[in-house]
Amino acid sequence: MKLKSQINNAIKDAFDKAGIDHEPMSVSEATKPEFGDYQFNGAMALAKKLGKNPREIANDIIDHLELGKVVTKAEVAGPGFINLWLNPLWIASQCETAHSDERLGVGKHENPIKVVVDYSGPNMAKQMHVGHLRSTIIGDTLANLLTFLGDEVIRQNHIGDWGTQFGMLIAYLEETGTDGSVCLRDLEQFYKDAKKRFDEDENFANKAREYVVKIQSGDIHCLNLWQKFIDISLGHCEDVYSKLCVKLTRDDVKAESFYNEDLPQVIEDLVKQDLLKESDGAQCVFLEGEEIPVIVQKGDGGYLYATTDLAALRYRANVLGAKRISYVVDARQAGHFKQVFKVAKESGFVPKDVRLEHVAFGTMMDKSGRPFKTRDGGTVKLIDLLDEAVVKAKEAIKERENYSSKEIEEIAHIVGIGAVKYADLSINRESNYIFDWDKMLSFEGNTSLYMQYAYARIQSIFRRFDGKIKGDILIGDMLEHRLAVMLLRFEDVLRRAAEDAAPNQITTYLYELVTLFMRFYEQNPILKEGVDEATKMSRLQLADLTAKTIKQGLELLGIQVVDRL
RNA sequence: GCACUCAUAGCUCAGCUGGAUAGAGCAUCGGUUUGCGGUACCGAAGGUCACAGGUUCGAAUCCUGUUGGGUGUACCA
């Protein structure tokens, strides 16, 4: 449920009744439990406009505030804060509603839109490396989240399948004469070998360049080889996606080469708009206030990154009909996107009302704060990192229970991958992120393990209980009250996280929820002797709703839970 | 050089449209237990929010400048 807007409605109502002709600002969560559940700080802001003192205004609002159903108590504090307490009976009934609902009471957008989320985008010439991790999981989370909230999400995996390097690879494929599937098993090595030949042998390099031309001119033999290469390489990516529990499939692939045919048209249309200028032999768009132009066609006639992106943008806006297009790409490309978005809007390729956003993220660093590399300075393959995560997870959990060997494989996978993803998603995406195995695989603090542990602990309550839950939710003490309010905040949190494309808002919420639940559970026994039936039933429901919220929250992040841990 | 971005506790990070005494976790120190899963919970200590101005009733948050780090800077993607 949209908790905040319910309270805002009450305030708005009081404004109207008090004759205050202003749109009230939104309430916010109370900063401390002593200050109630929510607070309204708008009285101070209005003081100057209305020429009254803020406490007077606050009192005026309170006098006209309808107390009872939703808000049960309101107090003016300090210079003019209004502290609001929610009605425990109402909270309880709302939790019951959420508990009986598959979606936990989370509504869908009233006006759903089509959203394109562009993420992952691996290069087909190489294996996926750690540099692809953040884009892949942040993008997947955003896609999951918007889908859950009712938007029509179109995932787009803009794979790099075109360019000079493919000429090199195909030339090497020809030269070695080996069957593609064998020699491509280790794509990374194959690329390195080909690159070495390219750098060392002039004849080979020329041949590689010839192949580029051949592919581009549609030579059947070369295209077949190229296609085979892409298929195998994409297969590698799919292994990673499946291991990562990311929902990208082949249907979501819309490769760079898909836009090839449209590129001349892009140039032509820019000419029609009178946006193009030649500069040093290249075709450029000069934007106002920008130091450097956007080059859309090279001196030799070739097209660039920007050209393809323009083609992709207009395809997404006009053919797919997206109203929001989100690029989940490294922050270093901020300049590029700023310019390309500008050109897209100015040229009319993308209508003005379409929201174009660069969902930027920082670089992954090692524990000492340097860019994440292998010992010898190479890039870390993503698949190796994920395998290591599973091995480490096994180490972390093996002492806990008597797992069968099959169980431990499954659980270690869920725990290990979850740890890697959660650690990444739980920090503000824009800052650089320090990758630390020990921290992410800890049961303590804001980690996936702590969440999964809390979830498993609640499941164990239900294994012991083994009955049927009935009766009402009763809010008895302060911690129950706070837990219930926290549970009801779920939708507000998801909506804001979706709006800001900020997964860490979800993890922060989950961590607060779990912490609160642990405290509640410590203090409020459920199955112990002496707990009366009605209280037990009520607390079981709160526990169950908590578990379901954890599960749903983690699911949006692409992280699974286990019943035993 | 110019542009963008960041700077919060020893470390890793929260901090939403400006709001009350700036919050967590780790690490440190102390406490809770015949334990519904103690890898839990409670508490203590720890901050000039880089620095200096400004706007405001009110600034970690907005503006300007300074310092320090990162990134980008026309025919790669």
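Below, read A as the first sequence line, B as the second, and so on, with proteins coming before strands; counting in each chain starts at 1.
- Taking atom CG of residue A/D424 and atom P of nucleotide B/C13, one finds them 12 Å apart after rounding to whole Å.
- A/R457 has a side-chain polar atom (N or O) that falls below the 4.0 Å cut-off from OP1 or OP2 of B/G38.
- For A/A534, the side chain to side chain contact (heavy atoms under 4.5 Å, CB included) criterion is met by A/L474, A/D532, not counting sequence neighbours.
- At a threshold of 4.0 Å, the pair A/K342-A/E288 does not count as salt-bridged, since none of the basic side-chain nitrogens sits closer than that to a carboxylate oxygen.
- The C1' atoms of B/G46 and B/A77 are separated by 47 Å, rounded to the nearest whole Å.
- Residue A/L565 is the one, among A/P371 and A/L565, whose nearest nucleotide of RNA chain B lies closer to the 5' end (criterion: closest heavy atom).
- In this entry the distance linking OH of A/Y521 with P of B/G35 reads 12 Å, nearest Å.
- Taking the P atoms as reference points, B/C63 lies 16 Å from B/A59, given to the whole Å.
- Atom CD1 of A/I292 is separated from atom P of B/G1 by 18 Å (rounded to the nearest Å).
- Using a 4.0 Å heavy-atom criterion, one finds that A/T308 contacts no nucleic acid atom at all.
- In this structure, CE of A/M518 is placed 9 Å from C1' of B/G37, rounded to the nearest angstrom.
- In summary, A/R495 and A/E499 do not engage in a salt bridge, as defined by a charged side-chain N under 4.0 Å from a carboxylate O.
- Within the 3.5 Å criterion, the main-chain N or O of A/E357 finds no donor-acceptor partner in the side chain of A/S326.
- Between B/A50 and B/U5, the distance separating the two C1' atoms is 15 Å to the nearest Å.
- Shown here are the side-chain hydrogen bond (donor to acceptor under 3.5 Å, both in side chains) partners of A/R429, two or more places apart in sequence or in another chain: there are none.
- Taking atom C1' in both B/C4 and B/C11, the straight-line distance is 28 Å, to the nearest Å.
- Atom CE in A/M365 sits roughly 7 Å away from atom P in B/U71 (whole-Å rounding).
- Nucleic acid contact for A/A456: base, since at least one base atom lies under 4.0 Å from a heavy atom of the residue.
- For the C1' atom pair drawn from B/U8 and B/A14, the interatomic distance equals 10 Å after rounding to whole Å.
- Every residue was checked against the side-chain hydrogen bond (donor to acceptor under 3.5 Å, both in side chains) condition with A/N428, not counting sequence neighbours, and none meets it.
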List the protein contact pattern of nucleotides 14-29 of chain B with one symbol per nucleotide (5' to 3'): B for base contact, S for sugar-phosphate-only contact, - for none; contact means a heavy-atom distance under 4.0 Å.
-> SSBB-BBB--SSS---
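- Here B/U5 presents its P atom at 24 Å from OH of A/Y433, a figure rounded to the nearest Å.
- Between A/F337 and A/H358, the two ring planes are tilted [angle within 30° to 60°].
- Remark: the separation of the C1' atoms in B/A20 and B/G15 is 15 Å, to the nearest Å.
- Where pairing requires Watson-Crick or G-U contacts shorter than 3.5 Å, the helical stems of RNA chain B with at least three consecutive pairs are B:1-7 with B:67-73, B:10-13 with B:23-26, B:28-32 with B:40-44, B:50-54 with B:62-66.
- Contact annotation for A/Q523: no contact, since no heavy-atom pair falls under 4.0 Å across all strands.
- The residue A/R55 sits apart from the nucleic acid: no heavy atom pair falls under 4.0 Å.
- The NZ atom of A/K536 sits 10 Å away from the C1' atom of B/C36 (whole-angstrom rounding).
- Using a 4.0 Å heavy-atom criterion, one finds that A/G299 contacts the bases of the nucleic acid, with or without backbone contacts as well.
- Between A/F341 and A/Y327, the ring center distance clears the sub-6.0 Å criterion.
- Mapping A/R519 and A/Y453 onto RNA chain B via the closest heavy atom, the residue that lands nearer the 5' end is A/Y453.
- Within the nucleic acid shown, A/Y509 has no heavy atom closer than 4.0 Å to any nucleic acid atom.
- Of the C1' atoms belonging to B/U56 and B/G72, the separation is 36 Å, rounded to the nearest Å.
- Here the closest non-hydrogen pair linking A/L276 and A/V285 is CD2-CG2, 3.7 Å.
- In this structure, of B/C41, B/A77, B/G37, it is B/A77 that holds the atom nearest to the side chain of A/L304.
- Residues passing the ring-ring contact (aromatic ring centres under 6.0 Å, His included) test with A/Y422, sequence neighbours excluded: none.
- Ring centroids of A/F517 and A/F520 are separated by less than 6.0 Å, placing the two rings close together.
- Counting non-hydrogen atoms under 4.0 angstrom, A/I526 reaches a base of the nucleic acid.
- To the nearest angstrom, C1' of B/U55 lies 10 Å from NZ of A/K48.
- The residue A/D466 sits apart from the nucleic acid: no heavy atom pair falls under 4.0 Å.
- Ring geometry for A/H132 against A/H129 counts as tilted: the plane angle lies between 30° and 60°, on a 0 to 90° scale.
- Nucleotides B/U67 and B/C51 have their C1' atoms positioned 7 Å apart, rounded to a whole Å.
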